[in-house]
Participant: 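Structure below; questions to follow.
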Amino acid sequence: MNEIAKTTTLPYRIAPFFSRYLAFIIDYFTISFFAVSLYPLFLPDSWDSLSWKQLNLYFIPLYILYILLFLCKDIYKGQSWGKYFTNLQVRSMLESFPPTKIRQTIIRNLWLLLLPFELFFLLKDTYFRRKGDYFAHTVVLEYTKKITIRLLTLRVLSVIFLISFFWLLTNITMPLALKKRSDYQFAVKSLVSSRDWQAIATQNEEASYAYWFTRTETKTNVTYILPLRLANQTYLATIVLLPQNKQNAQGARWSVKKISITKQNAS
C-alpha cells in the first residue's frame, strides 16, 4: 500500500472514510428507490387484504433483485453511482492498481451481507479496507484530479436524469398497484353491473379503461374516478365505496354508495 503514497504518475490516493460512507448512502438510496418503484409489478390481486407475511412471499423475487443490484453495483470500471459522484474507484491490489474484474467486485460486495462486521474492519484498517477488499484483493482509491466544468455539468445532468427517471417510473408503476387493490376490483365489478352501465352498454361489449385514474380515500369512503371508452364514446365513471366491517355474500368488504357515468364531449 505504500506505493500509493509514493506514486506521482497515478492521480489516486486512499479514499477517506467520509467519501466511502457518502458513496454507500447514495448507492443505498438509489438502489432502494429503484426497487421500491418496481414493487407494484410483484403484487398479487387483492394484495391489500393480505398480511405482510403473505406479501413477503410475493416480494422474494424483488428481494433477490435488490441483492443482485448491490452485488453488481461496481462492475463498470469499479464505480457505482455513489462512487462516481464522490470520485472513488475500486482497484485491484496489483502493480499500477488496474481496474477490477467483474468477479472481484462481486466477491467484494458479497461481504456487504455482513455490513456491521464489515464496518468494524473498515474503521479498524489503516487504509479503510474491509474484509471484502482483502478477499477480493481490492482497494478503494480517490481520484485526485480537479473536477472540470464539463465533468461537473455531466454530474448535474445525471442528477436531473436520475430524479426524472424515478419520478417517471413511479408514475408508470403506481396505477398497477392501485388496480390490484380489492376495492378497485370491486368498484369495476359494481360499475359494469350498475343500471347506468346497462343504459349505455350493448350486450357483451367491453370497455377500455384509461391507464391513469383518480383514487381518493377518506375515513368514511373511497372514491374512484375512471376515464373509460365504450362504443367509441368517452365517459367518466365515478364510484363511491363504503367500507364494511364484515364481508358480504360475494366476499367483499365494500358496499356501493354511488355510481355515476358522465359522457365526455369530444374536443
Side-chain angles (χ1 to χ4, degrees), residues 1-37 65-167:
M1 293 298 296
N2 291 332
E3 293 96 324
I4 300 176
K6 296 177 181 179
T7 298
T8 57
T9 57
L10 291 177
Y12 293 104
R13 67 180 180 186
I14 294 296
F17 172 75
F18 178 76
S19 297
R20 296 278 300 275
Y21 174 76
L22 182 60
F24 178 81
I25 293 297
I26 294 174
D27 289 337
Y28 172 78
F29 279 103
T30 301
I31 294 174
S32 297
F33 278 129
F34 179 71
V36 169
S37 300
L65 175 62
Y66 186 84
I67 292 173
L68 288 176
L69 288 174
F70 255 103
L71 292 179
C72 301
K73 65 185 180 70
D74 301 315
I75 61 175
Y76 182 70
K77 295 183 179 180
Q79 282 188 311
S80 61
W81 192 271
K83 289 184 177 66
Y84 169 74
F85 276 96
T86 52
N87 290 333
L88 304 184
Q89 193 173 25
V90 183
R91 290 274 179 160
S92 298
M93 283 292 295
L94 298 172
E95 186 178 355
S96 299
F97 304 98
T100 54
K101 298 179 180 179
I102 294 178
R103 179 178 59 85
Q104 286 178 283
T105 58
I106 293 177
I107 292 175
R108 179 180 180 274
N109 289 331
L110 268 173
W111 284 82
L112 287 175
L113 296 174
L114 303 174
L115 186 58
F117 180 76
E118 282 287 81
L119 182 61
F120 171 77
F121 273 94
L122 185 145
L123 293 174
K124 186 179 178 182
D125 191 81
T126 305
Y127 303 105
F128 299 117
R129 295 180 72 208
R130 52 185 179 84
K131 277 295 182 182
D133 288 310
Y134 280 97
F135 277 88
H137 304 289
T138 57
V139 62
V140 180
L141 303 180
E142 184 180 39
Y143 192 69
T144 57
K145 280 190 175 181
K146 292 183 179 180
I147 299 178
T148 62
I149 297 298
R150 178 177 177 274
L151 182 58
L152 183 61
T153 302
L154 287 175
R155 291 187 178 182
V156 172
L157 291 176
S158 297
V159 172
I160 296 174
F161 168 78
L162 189 64
I163 295 174
S164 302
F165 173 75
F166 284 137
W167 178 85

Participant: Is it true that atom CZ of Phe29 has more than 12 heavy atoms of other residues, nucleotides or ligands lying nearer than 6.0 Å?
Facilitator: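 Not buried by this count: 12 neighbours or fewer within 6.0 Å.
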
Participant: Between Gln89 and Lys83 (side chain of the first, backbone of the second, donor and acceptor by atom type, cut-off under 3.5 Å), is there such a pair?
Facilitator: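 Side chain of Gln89 to backbone of Lys83: no pair is present.
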
Participant: Heavy atoms, side chains only, cut-off 4.5 Å: are Trp81 and Leu162 in contact?
Facilitator: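 In contact.
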
Participant: Which atom names give the shortest non-hydrogen contact between Ser92 and Thr100, and what distance separates them?
Facilitator: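 Heavy-atom minimum between the residues: OG-CA, 3.5 Å.
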
Participant: On a heavy-atom basis, which atom in Ile160 and which in Ser164 lie closest, and how many Å separate them?
Facilitator: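 Looking at all heavy atoms of both residues, the closest pair is O-OG, 2.8 Å.
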
Participant: From Asn109 CG over to Leu68 CG, what is the distance, rounded to the nearest 0.5 angstrom?
Facilitator: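 One finds 11.5 Å between CG of Asn109 and CG of Leu68.
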
Participant: Checking Tyr84 now: which residues fulfil side-chain hydrogen bond (donor to acceptor under 3.5 Å, both in side chains) with it, not counting sequence neighbours?
Facilitator: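 Testing Tyr84 for side-chain hydrogen bond (donor to acceptor under 3.5 Å, both in side chains), a comparison that skips the adjacent residues, returns none.
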
Participant: Suppose we screen for side-chain hydrogen bond (donor to acceptor under 3.5 Å, both in side chains). Which residues come up paired with Ser19, at least two apart in sequence or across chains?
Facilitator: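 With neighbours one apart ignored, the set is empty.
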
Participant: Measuring from atom CG of Leu69 to atom CG of Asp27, what distance do you get when rounded to the nearest 0.5 angstrom?
Facilitator: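 So the CG of Leu69 and the CG of Asp27 are separated by 11.0 Å.
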
Participant: Could you measure the distance from the CZ atom of Phe121 to the CZ atom of Phe128? Nearest 0.5 Å is fine.
Facilitator: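 So the CZ of Phe121 and the CZ of Phe128 are separated by 15.5 Å.
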
Participant: With Arg20, which residues qualify under salt bridge (charged side-chain N to carboxylate O under 4.0 Å, His left out), at least two apart?
Facilitator: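 Applying salt bridge (charged side-chain N to carboxylate O under 4.0 Å, His left out) to Arg20 gives Asp133.
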
Participant: For residues 111-124, which residue pairs pass the side-chain hydrogen bond (donor to acceptor under 3.5 Å, both in side chains) check, not counting sequence neighbours?
Facilitator: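 Found Glu118-Arg130.
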
Participant: Excluding sequence neighbours, so at least two apart, what forms side-chain hydrogen bond (donor to acceptor under 3.5 Å, both in side chains) with Tyr134?
Facilitator: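 With neighbours one apart ignored, the set is Asp125.
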
Participant: So, for Val139 and Phe97, which heavy atoms are closest and what is the spacing to 0.1 Å?
Facilitator: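 The pair with the smallest heavy-atom distance is CG1-CD2, 4.2 Å.
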
Participant: Minimum heavy-atom separation for Pro98 and Leu94, please, with both atom names.
Facilitator: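 So the minimum-distance heavy-atom pair works out to CD-CB, 3.8 Å.
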
Participant: May I ask you to test the Phe85-Val159 pair for a side-chain heavy-atom distance under 4.5 Å?
Facilitator: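 The answer is yes; the side chains approach within 4.5 Å.
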
Participant: If I take atom OG1 from residue Thr138 and atom CD from residue Gln104, how far apart are they, to the nearest 0.5 angstrom?
Facilitator: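 These two atoms lie 6.5 Å from each other.
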
Participant: Going by heavy atoms in the side chains, are Leu115 and Phe24 under 4.5 Å from each other?
Facilitator: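 Leu115 reaches Phe24 side chain to side chain.
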
Participant: Are Leu141 and Ile14 close enough that some pair of their side-chain heavy atoms sits under 4.5 Å apart?
Facilitator: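 Side-chain contact under 4.5 Å: yes.
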
Participant: So, for Asp74 and Thr105, which heavy atoms are closest and what is the spacing to 0.1 Å?
Facilitator: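 Here Asp74 and Thr105 meet closest at O-CG2, 3.5 Å.
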
Participant: Ser32: which residues meet the side-chain hydrogen bond (donor to acceptor under 3.5 Å, both in side chains) condition with it, sequence neighbours left out?
Facilitator: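 By the side-chain hydrogen bond (donor to acceptor under 3.5 Å, both in side chains) rule, Ser32 matches Tyr66.
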
Participant: Quick one: pull up CG in Leu65 and CD1 in Ile31 and give me the separation to the nearest 0.5 Å.
Facilitator: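 Taking CG in Leu65 and CD1 in Ile31, the distance rounds to 9.5 Å.
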
Participant: Rounded to the nearest 0.5 Å, what separation is found between the NZ atom of Lys77 and the CZ atom of Arg91?
Facilitator: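 It comes to 10.0 Å.
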
Participant: Given Phe34 and Thr30, is the side-chain contact (heavy atoms from CB on, under 4.5 Å) satisfied, shown in steps?
Facilitator: CA-CA 6 Å; Phe34 179 71; Thr30 301; 5.8 Å; no

